[in-house]
Every structure is written in structure tokens, then in C-alpha cells.
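Sequence lines set the chain letters: A, B, ... in the order given, protein chains first and strands last, and positions in each chain run from 1.
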Number of protein chains: 2
Amino acid sequence: MSQSDRTPRVRLVDVARAAGVSKTTVSDALNGAGRLPAATREHVQKVARALGYRPNATARLLRAGHTRLLGLAAREYVETPWVYADLAYFSQIVTATTQAALAHGYGVVLLPTYGPDDCWLDIPLDGVFVIDPVEGDPMVRDFLAAGVPVVADRRALAEVPVETREAGRWVDFDYGAAVRQVLDHLEAAGAERIAVVAGATTACFHQQSVRAYHEWCAERGREPRIACLPAPGVEHTLQAVTELLAAPAPPDALFTLVELSPPLLLDTIRRLGRSVPGDLLLVCTTEDSAACYTDPPISTLSFLPGETAQAAVDLLVDRLEGREGDPGHLFSADFRVRASSAVPERRGARRG
Amino acid sequence: MSQSDRTPRVRLVDVARAAGVSKTTVSDALNGAGRLPAATREHVQKVARALGYRPNATARLLRAGHTRLLGLAAREYVETPWVYADLAYFSQIVTATTQAALAHGYGVVLLPTYGPDDCWLDIPLDGVFVIDPVEGDPMVRDFLAAGVPVVADRRALAEVPVETREAGRWVDFDYGAAVRQVLDHLEAAGAERIAVVAGATTACFHQQSVRAYHEWCAERGREPRIACLPAPGVEHTLQAVTELLAAPAPPDALFTLVELSPPLLLDTIRRLGRSVPGDLLLVCTTEDSAACYTDPPISTLSFLPGETAQAAVDLLVDRLEGREGDPGHLFSADFRVRASSAVPERRGARRG
DNA sequence: TTGAAAGCGGTACCAG
DNA sequence: CTGGTACCGCTTTCAA
């Protein structure tokens with residue numbers, strides 16, 4: 001009795017009794033079902049309104065056999081619950097997922113990423129979208145074992161027992177390819193010492209991109225210049241940039257893989273006495289649209305949260321509504337070259 | 001039968017049959033209830049695991065009489081569903097609400113702001129937090145009428161029939177006072193022509209703050225210089241700023257009431273040939289922490305999304321769990337004066 | 001200790 | 001056209 005039930009909610013039977021009809025009639029009258037005479041229907045509706053009757057959502061769901069609810073979980077910072085307010089990527093994923101879900105008539109539940117074991121199974125969900133699953137992710141495992149369709153990445157699905165894998169769908173990026181694309185571009189633009197700011201988290205993105213950077217450097221016999229941040233935060237990120245730029249033979253290009261306000265980064269670089277793109281080519285991984293309004297506009301790498309979320313929801317809904325469809329969707333990152341890393345007017349400032 | 005039910009989910013009875021016991025025993029064994037002999041309990045658990053049994057969440061909720069789910073709706077742009085990805089304020093509200101809810105063992109459902117009438121009532125919720133309710137908000141009305149506790153602002157609750165009002169709680173700001181505080185500060189710092197960029201939406205915040213600005217100007221016989229934007233968007237906002245600054249007798253202070261990346265704004269102002277705070281004092285309404293890392297750091301007005309969400313959830317949960325508590329909570333905005341609007345080194349650039 | 005049966009609040013089938 | 005009744009899947013009371 002923890003519920004505040006001073007007003008014991010009026011139920012279907014109450015309406016039925018008050019209207020002098022049966023439960024069925026009330027149900028039909030209210031849902032526009034059956035073929036009742038208009039008079040009965042109106043009468044029931046009037047009584048229902050007078051009593052302030054509202055159907056119990058849980059009861060109808062139990063009957064319906066589905067909940068029209070999709071779960072959304074971002075697992076990158078599993079231990080640090082929900083630090084990601086300021087991460088545009090996650091915000092946009094949330095927004096886009098919600099929008100796509102609503103378009104299909106589904107609601108979205110933001111899932112706990114930590115907490116008592118299995119606690120997420122207490123939430124009545126039809127499907128789940130798990131972003132940045134951790135290794136051997138228990139959430140992915142649990143939902144799949146419970147027969148709840150999941151969209152995650154291919155790696156996460158591969159880790160799950162085959163017999164439960166059928167309900168899994170995936171959305172994926174080739175992070176390594178995206179990183180190499182940017183590095184190649186910077187190299188082509190004349191960069192010889194490319195510094196990178198990356199994250200040091202469990203996210204597949206960070207792990208793959210850091211690896212790609214190291215491999216890329218190794219192939220060319222270049223010394224990696226990388227700062228790995230264990231957690232997001234403006235201050236730490238700016239400090240990492242400052243340190244990278246203060247190195248003995250300073251970098252001539254900077255590629256950030258963590259979210260940071262692009263105009264702020266630009267401002268900071270200038271305060272350190274470097275010009276963009278003159279002294280330093282710049283590419284930011286970001287979803288912040290401010291990047292194209294700065295002077296110079298900043299080259300960006302985007303992982304398309306909107307499209308990803310849309311695809312994830314479509315995959316889920318197709319599966320739920322029994323439509324055959326793709327097992328998953330592989331995306332390519334969206335790399336936009338702008339003046340901050342463009343080659344033309346580069347006034348060589350090679351002091352290597 | 002739209003559900004994909006090729007695997008007809010194993011139920012409690014199935015486990016009971018397989019284990020050769022009754023439903024009760026299974027339930028007790030699995031939930032650690034009753035006083036069963038350890039042997040029975042283990043046997044049942046083993047069978048359940050072997051069968052891959054997972055309790056049906058909806059059924060337990062129906063039984064339990066509550067769902068441990070809180071709804072969250074932002075109503076400002078009711079017609080333009082979910083444009084607010086890039087609005088730090090909403091992102092932080094979402095994050096903080098989720099965090100606070102999870103701390104109490106509740107999940108959060110992001111609610112549709114448009115769609116078929118009443119569609120939100122189909123979602124099984126224990127309570128709802130409505131941000132920026134519109135006038136005579138149907139969502140607030142519906143939930144309250146359905147006996148679902150709601151947190152909104154005082155105005156929204158005042159508009160609802162008295163008999164359903166009891167379940168309403170509020171969180172509120174005196175937006176007018178916050179705006180006047182900033183204007184007074186700018187005036188004290190020497191500003192004579194304060195320009196304002198505001199929103200032209202249904203949000204209580206925008207309506208109240210615009211009114212406060214006009215009143216403040218009228219009291220002093222000043223001409224208002226205000227741009228009202230019907231929708232968010234970097235481009236429009238920057239353009240509004242540009243136009244305001246291009247006025248014949250250009251403003252000597254700028255106060256933005258709409259979200260915009262503070263470092264980007266600073267950059268834009270400089271490109272227009274004005275220095276901050278030398279030529280132009282600047283105060284931004286924003287939740288973007290980048291504001292304090294620019295040069296100069298930017299004065300900000302914050303409406304504390306984190307604290308607001310926390311309070312809203314506490315109010316809701318207190319009500320739900322039958323605890324007596326405050327009917328609501330009135331907050332004061334957080335105004336932080338930084339160098340962008342500080343008086344000391346102001347090198348007078350009065351060209352009035 | 002265990003199990004039968006009565007709900008939780010609706011919806012849907014089918015006989016009247 | 002209407003109403004009785006079974007049922008969705010689980011929990012809980014109560015008798016055995």
C-alpha cells in the first residue's frame with residue numbers, strides 16, 4: 001500500500017454498474033467497437049465521463065500482449081550514471097529515437113545503466129536499442145534471453161548465445177575507416193604531425209578509433225601523439241589540447257575524437273597563439289552544428305545520430321510487427337571538409 | 001497477432017508443470033518469498049533457468065498496482081515535435097530527471113507532445129513531469145483527471161478543475177525577476193542600450209521574460225530593442241544578433257534569452273567588429289558550460305535544469321509514496337557575472 | 001510446506 | 001444487439 005490511493009480509481013465495472021450494462025458494453029461503447037445502438041453508446045459515454053472513468057493502461061497492455069514501449073540505453077559510462085548531458089551525440093540519439101518511435105506509435109523509456117541485477121527486465125518493453133554496449137553486455141544478454149528484440153552493434157550480438165540471437169538486429173559503423181579517412185585527408189593537406197584527442201572508455205568507437213590511429217601511424221613510421229581522456233569534461237579536454245600543442249615539435253594538425261564545443265576549441269587554439277588552418281589544421285568529431293558557423297568553418301566528422309536512431313527504431317519495429325527485413329545496417333561516417341583543414345591557402349608554417 | 005510470437009514465451013505455469021509444483025511455489029521460489037525448503041527452491045530455479053523463464057513485466061505491474069514509470073514531456077514546441085535536440089536546457093532536464101528517477105527506482109518515459117488525442121493515457125505511468133506546459137494544457141488536464149500525479153508550473157495547475165488539482169505539484173521560477181536582475185546589472189555596468197534576443201514561443205519563460213523586458217524599458221522610458229525568434233536554430237539566432245548590432249545607434253549590451261553556443265556568439269560579435277566587454281557587454285541565458293572557458297568568460301543566466309528536475313522527481317515520488325511534502329518549489333535563477341559584462345576595465349565606447 | 005483459487009482491470013469470444 | 005465468461009500472466013491469501 002505504498003500507493004496514494006485515497007481516491008480508489010473508478011473501474012470499468014463501476015461504469016458498467018452505474019450505467020446498468022455489462023463490462024463488454026462499456027468497453028465496446030468506449031472503444032468504438034461492436035455495433036451498439038448510438039443511444040446506448042452515448043449513454044455509457046456520458047456515465048463514464050460523469051464518473052471520471054479512465055481505463056487502466058497496464059491492464060489493457062496485459063491484454064494486448066505488447067506495450068508499445070521501446071527501451072533506450074547508452075552504456076558507454078555504465079559506472080558513471082548519465083554523465084552525458086552535454087554530449088551532443090547522445091542528446092541527438094535520444095531525440096531522434098524518440099521521434100522515430102513516436103512516428104511508429106511507440107514510446108521510449110530511458111533505461112538505467114546500473115543498479116540491481118536484471119532490474120531492467122522489470123520494465124515492460126517491446127524492444128530495446130542499446131548504444132555502445134560493453135563487452136559481454138549483460139543488458140543485451142538479458143533482453144535477448146527474455147525474448148525481447150534488441151538493436152545493438154554486431155560485436156555485441158556475436159557475444160550472445162546463438163539460440164537467443166535471432167531477435168537481435170544491429171546498426172554499425174566502421175570507426176577505423178572513418179578515422180583513417182580523416183587522417184588521410186590531413187596528410188594530403190600537408191600535415192606531418194597529427195595530434196589526436198580521444199576517449200579512454202569502453203565504447204567500441206573509442207577503442208577502435210584509437211587502434212586505427214596507432215596502426216595508421218605505425219604504417220608510416222610516425223610517432224603517435226595522442227591524449228586519451230577517461231571521461232568527458234570541457235576542462236580536461238582543453239587541458240589535453242593545451243598539452244598536445246605545447247609539445248617540443250608542435251603538431252601541425254589536430255583531430256579531436258571527443259565531444260567539445262568547436263567554437264570554444266577554436267578560441268582556445270588561438271589563445272595558444274596558433275592560427276587555424278595556418279598553423280594548425282583542425283578536424284572535430286562532433287554533432288554540434290555550431291562548427292559550420294565559425295570563422296573559419298570547422299571540418300567535422302559525424303556519426304549521424306539521427307540516422308542511426310531512425311534505423312535502429314525501424315529495425316526494431318519491423319521485427320516486432322513481423323515484417324521481414326535486414327538483419328542490420330552498416331553506416332558510413334559523415335566527414336565534412338571545411339576551411340579549418342582545407343589545403344589551398346595554407347601558408348606553410350613548418351617549423352619541424 | 002502482429003507480435004512476432006514464433007517462440008510463445010514460457011510462462012509461470014509452464015515452469016510449474018515442468019517442475020511438478022504449483023504456480024505459487026514457483027513464484028515464491030523465484031522471488032525469495034515464502035518459506036520453502038532450500039531443495040524445492042533450487043529445483044524450481046533450475047527448471048526455470050533451463051526453460052529460459054522470464055516473468056512477464058506487464059503482468060507483475062498489473063498485480064503490483066504501479067508501474068514505477070514516470071513520464072517526461074517538454075511542451076514548448078508542441079507542434080514541432082522534438083526540435084530541441086541541441087537545446088542544452090532540455091537535454092539536461094532529461095538527463096537529470098532520469099538520474100533522479102533511477103535513484104528512486106523509477107524509469108522515465110519520454111512522452112509524445114502531439115499525436116492522437118489522449119494517446120499519452122495509454123502509457124502506464126505513475127506520475128508525470130510536464131515542462132513548459134501550454135495554456136490550458138490538455139496533457140496536464142488529462143493526467144490529473146486520470147488521477148496521475150503531475151508536476152508542472154503553478155499557472156498550469158491553476159487552470160485545472162479544482163477537484164483534480166490535489167495530485168498536482170509545481171516547480172516554478174520568477175522569470176521576470178531573473179530578467180530584471182540581469183537588466184539592472186547591465187544598467188549598473190553602464191549600459192544604455194540593451195538589446196535582447198528572445199523566443200516567441202508558448203513557453204511561460206519567453207512570454208514572461210519578454211514582458212519583463214518591455215516593462216523594464218517602459219519604466220525607464222527606454223526604447224526596447226528586441227528580436228523574437230519563433231523557433232530555435234543557430235542560423236536565425238546569429239542573424240538576429242547581427243541585425244540588432246547593425247542598428248543605427250548600436251546597442252552597448254546584449255542579453256540573449258535563447259540558447260546559443262556562447263563561444264560561437266562571442267566569435268560572431270567579434271567578426272562584426274565589436275569587442276566584449278569593451279564595445280558590448282554580454283550576458284547569455286544558457287546551460288552550456290563552455291561559457292566560462294571563453295576569453296573573456298561569459299556572464300550567464302541559468303535556470304538550473306538539474307535542480308529543477310531533481311525537485312520535480314522528488315515531489316512526484318513523495319506524492320506517490322504517500323509522504324506528505326511541499327506542494328511545490330520556487331527556484332531562483334542562477335545569475336553568474338563574469339568578465340563579459342563586468343564593469344571595471346570597460347573602455348568607454350559610447351557613441352550614442 | 002504446498003496448492004487451489006481469487007483477484008489485478010481490461011478485452012474478446014460466443015451464446016443468447 | 002447484449003451479457004456472461006474465459007483469459008492475459010503473475011501474486012497473494014487462505015485452506016488443506
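Here dG3(D) is the nucleotide among dT11(D), dG3(D), dG10(C) with the atom lying nearest to any side-chain atom of Thr25(A). Closest to the Thr40(B) side chain, of the nucleotides dG3(C), dT2(C), dG10(C), is dT2(C). In this structure, the nucleotide among dT11(C), dC1(D), dC8(C) sitting nearest to the side chain of Arg11(A) is dC8(C). Closest to the side chain of Ala59(A), from the set dG10(C), dT2(D), dG9(D), is dG10(C).
There is a side-chain donor-acceptor pair under 3.5 Å between Ser22(A) and Thr25(A).
In this entry the distance linking CG of Asp122(A) with P of dC10(D) reads 12 Å, nearest Å. Rounded to an integer number of Å, the gap from CG of Asn56(A) to P of dC8(D) is 18 Å. Regarding Leu62(A), its CG atom lies at a distance of 17 Å from the P atom of dA6(D), rounded to whole Å. Computed from coordinates, the His66(B) NE2 to dC10(D) P distance equals 16 Å when rounded to whole Å. Separating the CG atom of Leu12(B) from the P atom of dG3(C) is a distance of 13 Å, rounded to the nearest angstrom. A straight line from CZ of Arg9(A) to C1' of dC8(C) spans 13 Å, rounded to a whole angstrom. Rounded to an integer number of Å, the gap from CZ of Arg60(B) to P of dC8(D) is 18 Å. Atom CG of Leu61(A) is separated from atom P of dC10(D) by 15 Å (rounded to the nearest Å).
One N or O donor and one acceptor, one from the side chain of Thr24(B) and one from the base of dA4(C), sit under 3.5 Å apart. For Arg63(A) against dC7(D), a side-chain N or O and a base N or O form a donor-acceptor pair under 3.5 Å. For Lys23(B) against dG9(D), no side-chain N or O and base N or O form a donor-acceptor pair under 3.5 Å.
Val21(B) comes within 4.0 angstrom of the backbone, heavy atoms only, and of no base. Here Thr58(A) lies out of heavy-atom contact (under 4.0 Å) with every strand. Among the atoms of the strands shown, only primed sugar atoms or phosphate atoms (P, OP1, OP2) are found under 4.0 Å from some heavy atom of Arg54(A).
Put simply, the side chain of Arg41(A) does not reach to within 4.5 Å of the side chain of His43(A), judged on heavy atoms. For the pair Leu51(A)/Arg17(A), no side-chain contact is recorded, criterion being any heavy-atom separation below 4.5 Å from C-beta on. Within the 4.5 Å cutoff, no side-chain heavy atoms of Pro149(A) are placed close to those of Val128(A).
Contact annotation: Ser22(A) side-chain N/O to dG4(D) OP1/OP2 distance is not under 4.0 Å.
Salt-bridge check for Asp172(B) with Arg154(B): passed, with a basic side-chain N closer than 4.0 Å to an acidic carboxylate O.
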